[in-house]
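One structure is given here, and the rest of the page talks about it.
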Amino acid sequence: MMLLPVLAIVVPYGFLGFILWRHIFHPRLSAGPEGLILRSQWRTSHVPWSAVVRCDPGYHGIAITCADGSRVIAPAPQKSNLSRWLGRTTRADDVADYLEQRAREHQRRSKRVASRVSDDASDDGQGNNT
């Protein structure tokens, strides 16, 4: 009989603790249509695809180098030093490769759209092409 009151206190507080950990302290890296959303314990950063130049996996997470030379650390996933020393490919390497590929695709698409817009503008301004 004494177990029931203890469980009535422990279970809700344990569940509340898990929810707080998951939503506040759990780092996250999300790749959306407009760019990256990096969530660490204390802040959330947004990096547009056009700004992503390079992604390097490391012990503290994935270091994302931006077009302006700044670096942002995505806290998850991380690559262990042992994997780096042994030259092993990890999930962090796969994620970094995916992010670089996605950034290149977005930048390529943006250039294509920009060139079409400039071609259309030059055709409209000339009137008769003969």
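- Under the side-chain hydrogen bond (donor to acceptor under 3.5 Å, both in side chains) criterion, the residue pairs touching residues 72-82 are K79-D93, S80-S83, with sequence neighbours excluded.
- By the side-chain hydrogen bond (donor to acceptor under 3.5 Å, both in side chains) test, E34 is found to be paired with no residue, residues two or more places apart in sequence or in another chain being considered.
- Other residues sharing the hydrophobic cluster of I64, ordered by chain and number and joined by side-chain separations under 4.5 Å: L29, L36, L38, V47, W49, V52, I62, V72, V95, Y98, L99.
- Of the inter-residue distances, the one linking Q101 atom CD with E105 atom CD reads 5.0 Å to the nearest 0.5 angstrom.
- Within the 3.5 Å criterion, the main-chain N or O of A74 finds no donor-acceptor partner in the side chain of R39.
- Hydrophobic clustering (side-chain heavy atoms under 4.5 Å, transitive across Ile, Leu, Val, Met, Phe, Trp, Tyr) groups L20 together with F15.
- Scanning both residues, P57 and C55, for their nearest heavy atoms gives CD-O, 3.9 Å.
- A continuous path of ILVMFWY side-chain contacts below 4.5 Å connects F18 to L16, so both sit in one hydrophobic cluster.
- With rounding to the nearest 0.5 angstrom, the CZ atom of R71 is 10.0 Å from the SG atom of C66.
- Rounding to the nearest 0.5 Å gives a distance of 13.0 Å between CZ of R104 and CZ of R109.
- The heavy-atom pair separating R91 from P77 by the smallest distance is NH1-CB, 3.6 Å.
- Put simply, CG on D97 and OG1 on T89 are 8.0 Å apart, with the number rounded to the nearest 0.5 Å.
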